[in-house]
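Structure, as structure tokens:
Convention: sequence-line order gives letters A, B, ...; per-chain numbering from 1. As a basis for the values below, the full set of heavy atoms in this structure was taken, side chains included, without hydrogen atoms, waters or symmetry mates.
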Protein chains: 2
Amino acid sequence: MEEIDRRIVALLAADGRMSFTDLAKETGLSVSAVHQRVRRLEKRGVIKGYAALVDFDEVGLPLTAFVSIKPIDPAAADDAPDRLRHLAAIESCHSVAGDESYILKVRVGSPRDLEELLNQIRAAANVSTRTTVVLSTPFDYRPPAV
Amino acid sequence: MEEIDRRIVALLAADGRMSFTDLAKETGLSVSAVHQRVRRLEKRGVIKGYAALVDFDEVGLPLTAFVSIKPIDPAAADDAPDRLRHLAAIESCHSVAGDESYILKVRVGSPRDLEELLNQIRAAANVSTRTTVVLSTPFDYRPPAV
DNA sequence: TCTGAAATGTATACGTT
DNA sequence: AACGTATACATTTCAGA
């Protein structure tokens with residue numbers, strides 16, 4: 001990818017609502033040229049979307065945890081992501097190298113909600129779970145240095 | 001927090017560039033009422049910012065990993081986050097319960113870059129590291145169901 | 001905290017280079 | 001690819017309820 005496109009991506013990753021006017025100033029292009037480039041980056045999937053970054057404590061989801069999962073039956077088909085997608089408390093699902101097969105990041109309101117979620121995960125995907133509770137988050141969602 | 005504010009937060013978490021006009025339609029408020037609420041949510045820190053979601057494969061950062069760290073000297077002051085913040089490849093830093101003290105999520109271009117980053121982490125924070133490489137990401141950055 | 005209207009600023013389509 | 005212009009649309013501010 002080319003220099004100006006990288007710059008546009010970096011600027012929007014850091015401020016997803018930056019106006020085309022400001023992007024034009026930062027890149028030295030005209031507003032319409034920037035506009036074209038952003039639309040092309042969206043269409044090509046380089047920019048997959050935009051999100052507001054939310055303070056989870058403020059919206060009733062103060063408990064974050066990492067949940068590593070391992071199949072109970074290693075011979076069974078591995079469709080865990082499809083079986084877990086409907087659980088909205090799971091923010092992300094990464095397939096990983098190592099002893100376990102996936103690492104999930106989950107957000108819930110309370111330890112009780114976490115307990116219930118773990119039961120749902122185990123039942124839905126036929127897996128065992130290992131949970132690491134997050135105590136605090138010094139930083140998160142930092143934009144990539146593209 | 002109140003019903004309409006929750007809805008606004010959920011809508012912006014799912015589409016960070018949604019216009020005030022559309023937010024007004026979705027919530028049944030006037031444009032200026034929505035506008036006021038969004039500004040208030042931003043000011044109160046419920047909405048911490050906005051980000052474009054980037055395809056990391058497309059911007060030259062195809063390798064993601066989780067790095068768990070543990071202090072070499074357990075008696076030393078624990079200022080690892082401050083010592084690691086300057087490393088842009090670290091997207092997030094969570095203090096966790098369990099055997100290790102922090103879990104970092106990192107993005108790099110290649111195994112060689114990962115090796116170098118791990119050396120920087122160990123040197124900067126005087127920690128040992130345990131790295132779990134991400135093979136694929138079935139889903140990520142899902143908006144919270146506020 | 002809301003509304004509606006006015007003023008300003010931005011997004012987008014289109015024609016041109 | 002990029003630019004400039006014209007128009008449509010969105011944001012922002014403000015007075016008043």
message: Looking only at the side chain of A/Arg40 (C-beta and beyond, no hydrogens), which of the listed nucleotides D/dA1, D/dT11, C/dT3 gets closest?
response: D/dA1
message: How many whole angstroms separate atom NZ of A/Lys25 from atom P of C/dA11?
response: 11 Å
message: Between C1' on D/dA2 and CD on A/Glu3, what's the gap in Å once rounded to a whole number?
response: 18 Å
task: Kindly indicate, with the supporting measurements, whether the criterion side-chain contact (heavy atoms from CB on, under 4.5 Å) is fulfilled by A/Thr64 and A/Val106.
output: CA-CA 6 Å; A/Thr64 299; A/Val106 307; over 6 Å; no
task: Using whole Å, report how far OH of A/Tyr50 lies from P of C/dA11.
output: 11 Å
field: Atom of B/Pro144, atom of A/Leu61 and distance for their closest heavy-atom approach
entry: CB-CD1, 4.0 Å
Pairing of A/Glu115 and A/Arg112 as salt bridge, 4.0 angstrom limit: no
task: Round to the nearest Å and state the distance from B/Phe20 atom CZ to C/dC2 atom C1'.
output: 16 Å
- prompt: Within this structure, what is the CG-to-P distance between A/Leu23 and D/dA2, rounded to whole angstrom?
  reply: 14 Å
- line: In whole angstroms, the gap separating C1' of D/dT11 from CE of B/Met18 amounts to 16 Å
message: Does A/Ala33 reach a base, just sugar-phosphate, or nothing at all? Heavy atoms under 4.0 Å.
response: sugar-phosphate
field: Pairing of B/Arg37 and B/Glu2 as salt bridge, 4.0 angstrom limit
entry: yes
With the criterion being N/O to N/O and under 3.5 Å, what pairs connect the protein with nucleotides 13-17 of chain C, and how long is each?
none

message: Strictly below 4.0 Å: does A/Arg39 bring a side-chain N or O up to OP1 or OP2 of C/dA11?
response: no
Lys/Arg N to Asp/Glu carboxylate O, B/Asp140 vs A/Lys48, below 4.0 Å: no
field: Short side-chain N/O contact to C/dC2 OP1/OP2 from B/Arg37, under 4.0 Å
entry: yes
- request: Kindly say whether A/Val67 contributes a backbone atom to a donor-acceptor pair with the side chain of A/Arg130 at under 3.5 angstrom?
  value: no
message: Using heavy-atom distances to pick each residue's nearest nucleotide on DNA chain D, tell me which of A/Leu29 and A/Arg17 is more 5'.
response: A/Leu29
Spacing of B/Glu42 atom CD relative to D/dT12 atom C1', expressed in whole Å: 13 Å
statement: Residues B/Ala124 and B/His86: closest non-hydrogen pair is CB-CE1, 4.3 Å
query: In whole angstroms, how far is the P atom of C/dT10 from the CG atom of B/Asp22?
result: 19 Å
